[in-house]
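Structure first, then comments.
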Amino acid sequence: IIADEIERYSSLINKAPIDIVCLGIGENGHIAFNDPPDADFNDKHVMKVVRLDHQCRMQQVYDGCFPSLNDVPEEALTLTIPVLFNASHLFCVVPGERKRTAVHNTIFGPVDTSCPASILQRHPDCRFYFDTGSFAKLSKSLDRAVWLYNNEKPHSELGYMTPVNFEEIILQQNKNDRKTMVLYDF
């Protein structure tokens, strides 16, 4: 029955590819349930069954999704990284101090499957939204960032984000074909 559902859902996505993805980054750097041990930037599947690593399963408990580790499934269905990456627009919201290392590795680390979210550095339109817990201390290392302090709201359609103060990072391609970061404080 799981194989049938994977086939059905994959068929739907193949017929109507995803335009917008709203995603997060896991404590171990996973996106969707593409954990570091099994992440594949060139996966040929649309959806697959994956085995969840211990850190990912513990995050499900910390986030309040399950009462204990024993209640967290050991396997899950996930969209693959290429399917997520091929969407036109990615909006990545990452709250929480426990995700600070994963955020640092995503933004400043090499693009590598040890941090699957690092692939987002290469997406032409990925917008990151971090709270002070996941990003505050890291913002000091943004030597390439452009800071806008005039309370400018670059994307008013996103509205005001409460109750925490979020910062938006847009990785933009500059004329020298290098990524630079633009940081907006909401």
Side-chain angles (χ1 to χ4, degrees), residues 6 9-10 12-14 16-53 55-66 72-73 75-135 138 154-155 157-159 161 164 166-172 179 181-184 186:
I6 290 172
Y9 201 77
S10 296
L12 291 172
I13 291 176
N14 286 331
I18 299 170
D19 294 317
I20 297 172
V21 171
C22 298
L23 72 157
I25 298 172
E27 292 175 21
N28 64 359
H30 72 256
I31 50 177
F33 279 122
N34 295 284
D35 284 324
D38 301 315
D40 182 353
F41 294 156
N42 300 303
D43 202 314
K44 301 296 182 209
H45 297 95
V46 172
M47 176 182 264
K48 65 182 181 178
V49 176
V50 292
R51 186 157 189 79
L52 302 179
D53 78 357
Q55 188 176 7
C56 179
R57 291 180 69 229
M58 285 305 302
Q59 179 184 332
Q60 305 308 308
V61 176
Y62 298 147
D63 289 349
C65 300
F66 294 91
V72 181
E75 293 182 329
L77 293 175
T78 190
L79 291 175
T80 61
I81 293 172
V83 170
L84 298 169
F85 191 81
N86 286 330
S88 301
H89 310 283
L90 304 179
F91 296 88
C92 187
V93 180
V94 191
E97 265 184 56
R98 287 193 316 271
K99 297 184 179 185
R100 188 175 293 156
T101 299
V103 166
H104 182 272
N105 293 339
T106 297
I107 299 297
F108 300 109
V111 176
D112 187 89
T113 56
S114 64
C115 178
S118 64
I119 192 69
L120 301 176
Q121 292 178 34
R122 294 189 178 160
H123 195 278
D125 188 19
C126 181
R127 294 162 190 257
F128 294 91
Y129 298 87
F130 304 111
D131 69 358
T132 53
S134 65
F135 191 72
L138 298 176
H155 306 288
E157 71 273 11
L158 296 175
M161 301 181 81
V164 293
F166 273 82
E167 296 169 271
E168 176 184 26
I169 298 242
I170 304 173
L171 294 177
Q172 295 182 332
K179 293 280 187 175
M181 289 178 247
V182 180
L183 176 66
Y184 299 94
F186 282 51

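Here, residue 1 is the first one in the sequence, and each next residue gets the next number.
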Testing Asp112, Thr80, Thr113 one by one against Phe41 for a side chain to side chain contact (heavy atoms under 4.5 Å, CB included), which residue passes?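 Option passing the side chain to side chain contact (heavy atoms under 4.5 Å, CB included) with Phe41: Thr113.
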
Closest heavy-atom pair and its distance - [X], [Y]:
| X | Y | value |
| --- | --- | --- |
| Ile119 | Phe85 | O-CE1, 3.3 Å |
| Val21 | Ala87 | CG2-CB, 3.5 Å |
| Ala76 | Leu52 | CB-CD2, 4.0 Å |
| Ile18 | Ile13 | CD1-CD1, 4.1 Å |
| Asn105 | Ser118 | O-CB, 4.1 Å |

Please name all residues satisfying side chain to side chain donor-acceptor pair (under 3.5 Å) with [X], sequence neighbours left out, ordered by chain then number.
| X | result |
| --- | --- |
| Asn86 | none |
| Gln59 | Asp63 |
| Ser88 | none |

Gap separating the [atom1] atom of [X] from the [atom2] atom of [Y], nearest 0.5 angstrom:
| X | Y | atom1 | atom2 | value |
| --- | --- | --- | --- | --- |
| Asp40 | Ile81 | CG | CD1 | 7.0 Å |
| Ile6 | His45 | CD1 | NE2 | 8.5 Å |
| Gln121 | Phe128 | CD | CZ | 7.5 Å |
| Thr78 | Asn34 | OG1 | CG | 4.0 Å |

Taking side-chain contact (heavy atoms from CB on, under 4.5 Å) as the test, write out the residues that go with Glu97, two or more places apart. Arg100

For Phe66, all residues meeting side-chain contact (heavy atoms from CB on, under 4.5 Å), sequence neighbours excluded: Gln60, Asp71, Val72, Pro73

Below 4.5 Å, heavy atoms only, C-beta onward: do [X] and [Y] meet side chain to side chain?
| X | Y | answer |
| --- | --- | --- |
| Cys115 | Pro36 | no |
| Asp125 | Leu90 | no |
| Val94 | Thr106 | no |

With sequence neighbours excluded, residues passing salt bridge (Lys or Arg N to Asp or Glu O under 4.0 Å) with Asp43: Lys48

Residues which pass ring pair (Phe, Tyr, Trp, His ring centres under 6.0 Å) with Tyr9, listed by chain and number, not counting sequence neighbours: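 With sequence neighbours excluded, Tyr9 shows a ring pair (Phe, Tyr, Trp, His ring centres under 6.0 Å) to no residue whatsoever.
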
Could you give the side-chain donor-acceptor pairs of residues 23-31 under 3.5 Å, partners two or more places apart or in another chain?
residue: Glu27; atom: OE2; partner: Arg98; partner atom: NE; Å: 2.8
residue: Glu27; atom: OE2; partner: Arg98; partner atom: NH2; Å: 3.4
residue: Asn28; atom: OD1; partner: His30; partner atom: N; Å: 3.0
residue: Asn28; atom: OD1; partner: His30; partner atom: ND1; Å: 2.6
residue: Asn28; atom: ND2; partner: Asp35; partner atom: OD1; Å: 3.0
residue: Asn28; atom: ND2; partner: Asp53; partner atom: OD1; Å: 3.1
residue: Asn28; atom: ND2; partner: Asp53; partner atom: OD2; Å: 3.0
residue: His30; atom: ND1; partner: Asp35; partner atom: OD1; Å: 3.4
residue: His30; atom: NE2; partner: Ala32; partner atom: O; Å: 3.4

